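Inspection log for the structure reproduced underneath, given as structure tokens.
What you see is a predicted model; the values in this text were computed from it and never measured. In what follows, every chain begins at residue 1, and chains take the letters A, B, ... in the order their sequences are listed.
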Amino acid sequence: MAYPFADIEKKWQDEWEKRQTFNAENDFTKPKYYVLDMFPYPSGAGLHVGHPEGYTATDIVARYKRMQGYNVLHPMGWDAFGLPAERYAMQTGIHPAITTKKNIDNFRRQLKSLGFSYDWSREINTTDADYYKFTQWIFLKLFNSYYDTKVNKALPIEELQIPQNLNGKEREEFIASHRLAYIASMPVNWCAELGTVLANEEVEEWVGKGYKVERRPMRQWMLRITAYAERLLDDLVHVDWPQSTLELQKNWIGRSTGALVTFAVDTQHAVSLQVFTTRPDTLYGVTFMVLAPEHPLVDIITPESHKKQVAEYREKTALKTDLERQRGVQHPKGAGALPVGEIDVNKKDKSGVMVGAYAIHPLTNEKIPIYIADYVLMGYGTGAIMAVPAHDERDFAFAEAFGIEIKPVVETHGSTGSPTGAPLPRIEDGVAVNSPIIDGLKTQDAKAKMIEYLEKNKIGERRVQYKLRDWLFSRQRYWGEPVPISFTEDGFMVAEEEADLPLVLPESQNLQPSGGHGTSGSAHDTKTLFVPTGTGESPLAHLTNWVNFSKDGKKLSRETNTMPQWAGSSWYYLRFADPHNKERFASKESEAYWLKDGVDLYVGGAEHAVLHLLYARFWHKVLYDLGYVTSIEPFKKLVHQGIILGEDGSKMSKSRGNVINPDMVVAEYGADTFRLYEMFMGPLEQMKPWSSKSIEGIYRFLARIYRLYFNDGKINSKLLEKPKNEKAVLKILNQTIKKVSQDIESLSLNTAISQMMIFVNETYKLESIGKDAAEKFVQLLHPFAPHLSEEIWQALGYSTSIAKSAWPTFDPSLLVEDEFEAVIQINGKIRARQSLKVGISDADFENFARKIDSIQVALERKTIRKVIVVKNKMINFVV
RNA sequence: GCCGAAGUGGUGAAAUGGUAGACACGCCGCACUCAAAAUGCGGUGGGGGCAACCCCAUGUCGGUUCAAGUCCGACCUUCGGUACCA
């Protein structure tokens with residue numbers, strides 16, 4: 001008989017909702033456990049099977065911890081700002097708020113149908129004004145703070161030391177240039193069709209979908225995340241995260257140590273050139289200098305004779321996209337572009353031109369030619385390099401192409417101690433040669449000595465450089481948080497008063513960006529509301545009544561860019577601590593309680609390994625510096641669930657037709673089966689394919705449990721009778737309690753389920769296990785299959801929820817066996833097995849083993865050199 | 001190229017350095033049934049033997065150890081990330 005999952009699940013979902021079973025308590029004296037899912041973007045497609053994977057794992061942990069007596073915070077919310085809803089609005093004319101609400105309702109329904117024990121009273125939505133009031137508040141905190149490098153933390157902007165001699169405008173500019181939120185003209189990824197700027201990491205996604213993205217300098221809000229580079233890197237030692245994610249963050253931050261070296265430039269202008277190098281020990285090997293084409297010094301140092309070719313080269317570079325630039329489409333000898341996918345740094349074609357000026361080598365006073373080349377990026381270091389072709393493959397390739405001298409200054413030595421004469425470029429460490437100051441020193445020592453020399457002679461200094469760039473924080477969109485800043489007519493910035501927040505996103509039916517400068521009604525827009533103007537502003541710019549206003553007799557106009565989707569998700573975990581607080585993002589007490597040591601367990605996709613997690617850590621640290629949060633890191637333990645593939649082993653996609661819809665699975669097998677199956681598929685972190693056969697097996701397992709406990713809809717009294725073999729029951733029960741508890745702690749949920757299967761198989765054989773064991777097993781099952789376990793619990797006579805019962809504990813003394821199967825090995829090969837009493841002495845074990853016929857025979861005429869006994873396990877004769 | 005993770009039956013997968021393949025899917029058999037489904041019970045890595053048993057087997061090749069899927073070295077493959085970052 002099939003078990004009536006549909007009735008059971010509906011019944012208990014209604015019950016939980018009615019009783020508000022899973023609301024976190026406001027008792028701050030209990031030990032807390034905060035287990036969080038990465039909240040979803042509520043897309044129109046609804047939940048896919050990947051969502052419930054992580055959500056089930058956290059739900060199991062949440063229910064387990066509650067039963068262990070923890071006050072558990074397990075909330076859910078919606079990351080609901082974002083481009084898809086806005087694009088849908090542009091196509092259909094339906095306001096994003098309406099689409100978003102509809103999608104959220106659908107997501108909520110789906111999540112509830114899976115029986116997750118969220119505290120729905122704490123549900124949040126990033127698009128609610130009550131929520132984004134505090135997103136804006138945090139933005140103002142960033143705007144009104146600066147990073148003080150002396151105390152190494154953010155401080156209120158009022159504490160910034162401002163030079164006395166600055167007048168009003170200069171003073172404002174000085175302050176503005178120190179704020180953690182600032183405006184800069186940045187070359188950005190501009191997509192005309194979308195009418196917006198994209199983050200670097202978003203470019204590929206949209207290019208892949210057929211959109212054109214170009215580089216364009218535009219006025220943008222930036223957040224000074226680079227000020228936190230060092231702490232974002234160093235504090236990774238405090239978190240319990242997957243190794244791969246730690247590495248990704250480290251690489252993204254990209255710390256490297258080296259030196260800043262100053263080269264004088266040999267022109268009539270008194271200018272000098274600063275370069276960053278990680279190899280100061282190769283300073284004597286410098287044979288040319290390279291500036292990024294955009295480097296501001298180029299204008300000053302280029303003599304009239306070279307102006308034309310420099311201008312031409314700069315123009316060519318500006319037209320190249322980043323991708324083209326990285327792939328080296330041009331070659332001085334006229335070779336064409338390399339096909340994508342065959343890029344090799346060594347062979348990457350190098351282009352560039354001489355600027356006609358020379359630098360002076362700070363140690364040898366030699367004249368060194370200066371080039372501009374697009375392989376040097378303005379955005380990293382100083383935008384200029386000292387080129388050492390003998391020991392850098394890029395400089396080597398450039399020198400070869402341009403016929404520049406190559407001067408080896410590092411020698412590598414083989415095991416014999418003689419020079420290996422390794423081919424150039426020689427990247428690896430070695431010993432300095434042809435370098436008077438440091439000759440004979442190993443690379444590491446040579447670097448140190450050189451830096452020391454540079455500092456003493458004021459021609460350079462030690463320097464730590466990061467790859468991390470500041471966070472481009474503005475988007476030319478409607479459906480995002482308005483930036484709470486206005487501008488006076490003479491260009492001063494005026495921040496919204498905190499008391500006046502939220503700055504509400506105005507109603508608008510006109511969502512067409514004012515910036516789309518491409519053709520109207522492009523391939524992607526079926527419904528164009530008006531012809532764009534091409535200014536690159538957000539749709540908010542059209543709402544002149546909202547943009548222009550007066551305050552204290554001053555005419556002001558609002559910022560029309562909105563915040564990126566990352567904004568709302570960078571602090572939502574804090575809001576869950578106190579989601580209805582109107583005065584503060586969360587009360588001091590609730591923050592200190594729920595966020596003590598951060599979120600205890602955070603589960604979500606590895607695709608957020610860098611950006612979301614880095615941005616959230618950054619905001620958290622700013623709030624920490626300003627005294628608003630008590631922990632230095634937001635997420636203590638992090639786990640990524642693996643991707644669930646389609647049945648054919650490839651990624652689920654509509655086009656492949658291999659998408660599994662959770663609603664269908666729940667309808668066919670029920671939520672408990674769905675939950676259990678997703679956990680049984682394999683290790684949580686691992687990528688794994690869906691199998692419609694295997695889910696049948698899980699369904700059978702639950703049906704088997706149902707039949708074990710129920711007989712014609714009534715409790716199976718035979719099961720609850722006193723067992724014939726009480727010892728066997730206690731043993732398997734205690735084993736199961738131990739294994740399931742340990743496995744939940746380590747998130748090995750697949751093996752926890754295996755153990756429960758073993759228990760059920762055993763119980764079928766035993767027929768009766770007694771009421772106590774029957775109850776305890778259902779409790780173990782509860783985090784995994786909450787509906788069925790509630791149903792059984794009620795049938796066992798309880799009127800309170802099993803979720804509120806106390807997690808069973810095991811008695812280690814009942815796990816001790818009296819006998820074990822002894823393994824007898826000769827030279828590590830198994831020759832016999834025998835059942836023996838636990839606790840047998842090593843000597844008795846050996847004597848016993850020697851008497852076994854096959855062993856006796858095998859040991860005849862052999863010298864026993866050694867006998868190894870592993871207590872209560874095995875013996876090994878070495879002959 | 002660089003960084004990271006992983007390679008175990010027909011399949012998903014288990015294994016504190018100590019009996020490789022738990023648990024499940026699939027398959028085979030038995031019981032129930034007129035029959036089937038469902039259910040219950042049993043078998044199932046490969047090769048050999050009537051049998052007790054024996055040999056082989058955790059990507060490849062070496063090493064450490066009484067003992068290696070597990071530790072070390074080199075290599076191969078797959079997946080994820082990243083890529084002119086000086």
Of Ile737(A), Ile744(A), Asp743(A), which meets side-chain contact (heavy atoms from CB on, under 4.5 Å) against Val740(A)? Ile744(A)
So, Thr257(A) side chain and Val464(A) main chain: donor-acceptor pair closer than 3.5 Å or not? no
For [N], give its Watson-Crick or G-U wobble partner with both distances under 3.5 Å, or none.
N: U60(B); result: A74(B)
N: G40(B); result: C30(B)
N: G12(B); result: C23(B)
N: C2(B); result: G81(B)
N: G18(B); result: C66(B)

For Arg850(A), the salt bridge (Lys or Arg N to Asp or Glu O under 4.0 Å) test, sequence neighbours excluded, returns Glu846(A)
Against the side chain of Ile758(A), the closest entry in U82(B), A86(B), A22(B) is A22(B)
Of the candidates C3(B), A5(B), A86(B), the side chain of Glu247(A) sits closest to C3(B)
If the threshold is 4.0 Å, N to carboxylate O, is there a salt bridge linking Glu247(A) and Lys250(A)? yes
Side-chain ion pair, Lys731(A) and Glu762(A), N-O less than 4.0 Å: no
Could you measure between the two [atom1] atoms, the one in [N] and the one in [M], and give it in whole Å?
N: A20(B); M: G69(B); atom1: C1'; result: 7 Å
N: U70(B); M: U8(B); atom1: P; result: 13 Å
N: G47(B); M: G9(B); atom1: P; result: 15 Å
N: C53(B); M: U44(B); atom1: P; result: 15 Å
N: C3(B); M: A83(B); atom1: C1'; result: 11 Å
N: G21(B); M: G45(B); atom1: P; result: 9 Å
N: C66(B); M: U82(B); atom1: P; result: 47 Å

Anything under 30° is parallel, anything over 60° is perpendicular, the rest tilted; go ahead and classify Tyr699(A) against Phe5(A). perpendicular
Atom-to-atom span, CG of Leu614(A) to C1' of G81(B) - whole angstrom: 15 Å
Between side-chain atoms of residues 379-387 of chain A and protein atoms elsewhere (two or more places apart, or another chain), which donor-acceptor pairs fall under 3.5 Å?
residue: Tyr380(A); atom: OH; partner: Ser256(A); partner atom: OG; Å: 3.0
residue: Thr382(A); atom: OG1; partner: Gln274(A); partner atom: O; Å: 2.7
residue: Thr382(A); atom: OG1; partner: Ala384(A); partner atom: N; Å: 3.4
residue: Thr382(A); atom: OG1; partner: Ala384(A); partner atom: O; Å: 3.3

Along nucleotides 69-78 of chain B, 5' to 3', which nucleotides get a B, which get an S, and which get a -, given that the test is a protein heavy-atom distance under 4.0 Å? ----------
All N/O contacts under 3.5 Å from nucleotides 40-48 of chain B to the protein, with atom names and distances to one decimal?
residue: G40(B); atom: OP1; partner: Arg704(A); partner atom: NH1; Å: 2.6
residue: G40(B); atom: OP1; partner: Arg707(A); partner atom: NH2; Å: 3.1
residue: C41(B); atom: OP2; partner: Arg704(A); partner atom: NH1; Å: 3.4

With the criterion being N/O to N/O and under 3.5 Å, what pairs connect the protein with nucleotides 10-16 of chain B, and how long is each?
residue: G12(B); atom: O2'; partner: Met681(A); partner atom: O; Å: 2.5
residue: A13(B); atom: OP1; partner: Gln686(A); partner atom: NE2; Å: 2.5
residue: A14(B); atom: OP1; partner: Asn750(A); partner atom: ND2; Å: 2.9

Please enumerate all protein N or O atoms sitting under 3.5 Å from an N or O of nucleotides 66-68 of chain B, with distances to 0.1 Å.
residue: C66(B); atom: OP1; partner: Lys866(A); partner atom: NZ; Å: 3.4
residue: C66(B); atom: O2'; partner: Asn876(A); partner atom: ND2; Å: 3.2
residue: C66(B); atom: O2; partner: Asn876(A); partner atom: ND2; Å: 2.7

Check whether any side-chain heavy atom of Tyr709(A) sits under 4.5 Å from a side-chain heavy atom of Leu788(A), and report yes or no. no
Can the ring centroids of Phe398(A) and Tyr371(A) be said to lie less than 6.0 angstrom from one another? yes
Can you establish whether the number of heavy atoms outside Lys837(A) located under 6.0 Å from its atom NZ is more than 12? no
Conformer about C1'-N of G9(B) - syn within 90° of 0, anti elsewhere: syn
